[in-house]
Structures are given as structure tokens and as C-alpha cells.
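These notes are about the structure you will find just below.
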Number of protein chains: 2
Amino acid sequence: MAPQHPQLALDAQLCFPLYAATRAVTRTYADLLEPSGLTYPQYLTMLALWDAGSPVSVSALGARLRLDSGTLTPLLKRLEAAGRIVRRRDPADERRVLVSCTQEGWALREQVADVPLRLAGAMGLERDEAERLRADLGRLLAHLDG
Amino acid sequence: MAPQHPQLALDAQLCFPLYAATRAVTRTYADLLEPSGLTYPQYLTMLALWDAGSPVSVSALGARLRLDSGTLTPLLKRLEAAGRIVRRRDPADERRVLVSCTQEGWALREQVADVPLRLAGAMGLERDEAERLRADLGRLLAHLDG
DNA sequence: GACAATTAGATTGTGCGCAATAAAGTTGCG
DNA sequence: CGCAACTTTATTGCGCACAATCTAATTGTC
């Protein structure tokens, strides 16, 4: 149907499987995370917080997750309303807001500890295949985002 | 910082580079598509329409793009408001809505014909690397979405 | 010490993505 | 025919993403 522009065929695009696979993974996470009450971006945010060891500033969190404050602020407010985190101004620099896990936030870790393994199962990729995909995506990300 | 749960480290996840790379690709497309006035999902929708040869029902379009009507309907309304497509009820089955490209919609094709090549350049992947990534993502998608 | 430039977050507005529900049309079965 | 089950699309509500803009606090420079 696209004789003059074969490069515009949906199946020829890298972007489309990337886009569709991301949404499929998000849906799969939604099921696995449902008991914990976390959304997928909230789960990634908690991973980043656990990684960093709280407290962390909003901008540091945003740099790690590559999200800006317009996305993070309402997300963090929902996590705070749910009792998972606390936000407070940094006394040393009142422009900064420091985010810390609550005890309840740390406890979530135990609850989601099995999620990565269950996800890996649902994705149906061999270990080396998954590792290659992760490496390829990391390279792509590094090139696009600097 | 995560001694008891190394599998929860952000860098150990496949999901995070997938998530971040998708948003990075979306931002890159936003720049390339800006002159055409299309968003990235609108661009994919136009690709699917050109592929199929219009008219196509909303459900057929949704199956191809793996999007439901809650996402497609407002998106299609915006494309219609911009004069790129037309929506009308199928006379043979009044439940169905058929989507067709306008002349202006077909003309957009010429305007975005160079986008895939320019995108490939921005992504900085070798041809075989990109092809491998596409195949891996396709396999992942097939497994998750059936 | 004053003041411009910079930095950190918050706010606003637009556009997805999807679950849940509603509304309208079609089909199948007695 | 009559009507329940099903299919298809639209609507509603919530949660991201992100650009643009705003406010407040800090830093550098003289």
C-alpha cells in the first residue's frame, strides 16, 4: 500500500515495537504491582529512592529517572498522601525539597521483592536475550539523552 | 544500598531502560514531527492508516496500534479537527466508525518521508544493531500481548 | 551590600493510555 | 416476532509526560 515510501511502513519502524512493547510491559507491571498499590512510574521512583538511600532531592531523583518536576511533583505528592514517602524543605538550601522513605515505604520493598523475577517470567525472554536487550536499550538511551 | 534485594537495583532492571528509552525516542520524534504538526502517537496512527489504505474502522486501527478507543477516539478527533482525517459511521453497520485520510492527510506523507532516516541517525545505532533491537522487541511484544 | 544570573520546585495546559461504564446497533435463539 | 447476549464505539476519570511559565532562594560579581 505504500509503494513510494516503504520506509513509512509501520512494520519497518523500530519506534513502533518500542512503543507497543513499553505499553505491554507497563500493563504487565500494573497487574504485578496492584497488590502493593503502586503504579509503574511510582514503582520505578521507589526503586530509585531505595537505590539512593533517602533523603534525595527532587532534582537528583529526576536526573536518575529522567523525569522533570512537572511529572515528579504530583507523583511524589500521591506517594506522600499514601504514606510511602515524606517531602520536606532542605534547611541548608530552602530551594531544595528532600524526599525520604517512611518506614512504610521501606516495608514495601519486601512486598515487591519478587516482582522482577515474576516479570522476567512473563516476558518470556532467555537471560542472555534480556541482557542483550537491556544493553542495546542502554546504548540507545545514552546516545539520545547524552 | 540494597544488599538484601540486589534484584531491585534500578540498573538491574530491563524495564527502566525500556521506559526511559521510549520517552527519549518520543522526545526526539517530537522535534522531527514539529513542522508537520503531528504528535508521536498521531504519527504512528497516520502510518497505520497509510499502511491499511483507508477507510478503516476504529477497532481495526486499535488492533494494529494496540490502543483502545479511550485513547483513539480523542486522538482521531484531533486529527479530524486538523483536517487530516474524516470519521463517519459505516452505513452497513451503524455501530462502526470508519476513518479515512483526507487529501491533506495523504499529503502529509511526503512531508514526513524523511523522518525514519533522520531518526535512525539520531539514534546512533548501526543497521544490524537496530534490526536486532527491533526483532528482540517484537519477540517481547508477541509474548506479552499474545 | 546590591543586583543580575542561575538554580530548584511548583503550576498550568495539552495530549496520551487505560480501566470502567454507558449507549447504540446487531445477532441468535426460541 | 421478541428479547437477551454480544459487539462496537463513546464517555468519564485518573495518572502520567512534558513544555512553558512562575516564584523564591542562592550565588557570583563588582
Side-chain angles (χ1 to χ4, degrees), chain A residues 15-16 18-31 33-34 37-46 55-63 65-82 87-99 144-145, chain B residues 15 18-31 33-34 37-46 55-63 65-82 84 87-99 144-145:
Chain A
C15 63
F16 178 62
L18 181 62
Y19 170 78
T22 295
R23 284 182 293 112
V25 167
T26 300
R27 283 191 294 270
T28 307
Y29 268 107
D31 294 339
L33 293 174
E34 199 274 325
L38 291 173
T39 66
Y40 178 51
Q42 288 172 7
Y43 167 72
L44 291 174
T45 302
M46 294 306 293
V56 192
S57 74
V58 171
S59 58
L61 211 49
L65 294 167
R66 297 175 187 271
L67 290 171
D68 75 359
S69 71
T71 302
L72 269 181
T73 295
L75 186 155
L76 293 174
K77 282 182 175 175
R78 283 185 286 269
L79 284 177
E80 186 174 40
R87 300 183 315 138
R88 64 170 201 284
R89 290 280 167 186
D90 183 349
D93 182 344
E94 294 271 340
R95 292 173 306 178
R96 301 162 69 84
V97 170
L98 298 178
V99 180
L144 286 177
D145 268 10
Chain B
C15 63
L18 180 63
Y19 169 77
T22 296
R23 283 182 294 113
V25 168
T26 300
R27 284 192 293 269
T28 306
Y29 269 107
D31 293 339
L33 292 174
E34 199 274 326
L38 292 173
T39 66
Y40 176 52
Q42 287 172 6
Y43 167 73
L44 291 174
T45 301
M46 293 307 293
V56 193
S57 72
V58 173
S59 59
L61 210 50
L65 294 168
R66 298 177 187 271
L67 290 173
D68 76 358
S69 72
T71 301
L72 271 180
T73 296
L75 186 155
L76 293 173
K77 283 183 175 175
R78 283 185 285 269
L79 284 175
E80 187 175 40
R84 275 76 189 259
R87 299 182 317 137
R88 64 171 201 283
R89 291 277 168 187
D90 183 348
D93 182 345
E94 295 268 341
R95 293 171 306 178
R96 301 162 68 85
V97 169
L98 298 177
V99 181
L144 286 177
D145 267 8

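All chains are named by letter (A, B, ...) in the order of the sequence lines, taking the proteins before the strands, and each is independently numbered beginning at 1.
- Protein atom CG of B:Leu65 is 14 Å distant from nucleotide atom P of D:dT9, rounded to whole Å.
- Take the nearest nucleotide of DNA chain D for A:Pro91 and for B:Arg96: the residue whose nucleotide is more 5' is B:Arg96.
- If you measure from atom CZ of A:Arg88 to atom P of C:dA8, you get 18 Å, rounded to the nearest angstrom.
- Between the CG atom of B:Leu61 and the P atom of C:dG17 there is a distance of 13 Å, rounded to whole Å.
- A straight line from CG of B:Leu72 to C1' of D:dT8 spans 13 Å, rounded to a whole angstrom.
- Judged by the 6.0 Å distance and 45° axis criteria, A:Arg27 is not positioned over the aromatic ring of A:Tyr29.
- B:Ser69 OG to B:Leu75 CG: the interatomic distance, rounded to the nearest 0.5 Å, is 12.0 Å.
- If you take OH of A:Tyr29 and C1' of C:dG17, they are 18 Å apart, rounded to a whole angstrom.
- The structure places CG of B:Leu18 at 7.5 Å from OG1 of A:Thr26, a figure rounded to the nearest 0.5 Å.
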Inset, instruction - Quick one, give me the B/S/- string for nucleotides 1-7 of chain D, reading 5' to 3', where B means a protein heavy atom under 4.0 Å from the base and S means that only happens at the primed atoms, P, OP1 or OP2. - result: ------B
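- Judged purely by atom type and a 3.5 angstrom limit, A:Arg88 has no side-chain atom pairing as donor or acceptor with the backbone of A:Val99.
- Here the side chains of A:Thr45 and A:Leu76 are in contact, with some heavy-atom distance below 4.5 Å.
- The only member of A:Asp90, A:Val58, A:Asp93 that meets side-chain contact (heavy atoms from CB on, under 4.5 Å) when paired with A:Leu98 is A:Asp90.
- Checking side-chain atoms of A:Glu80 against main-chain N and O of A:Arg87 turns up a donor-acceptor pair under 3.5 Å.
- The CG atom of A:Asp90 sits 13 Å away from the P atom of C:dA10 (whole-angstrom rounding).
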Inset, instruction - Summarise protein proximity over nucleotides 10-23 of chain D in one line of letters, 5' to 3': B for base, S for sugar-phosphate only, - for none, counting protein heavy atoms closer than 4.0 Å. - result: BB---SSBBB----
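- Once rounded to the nearest 0.5 Å, the distance linking CE of A:Met46 with CG of A:Leu79 reads 6.0 Å.
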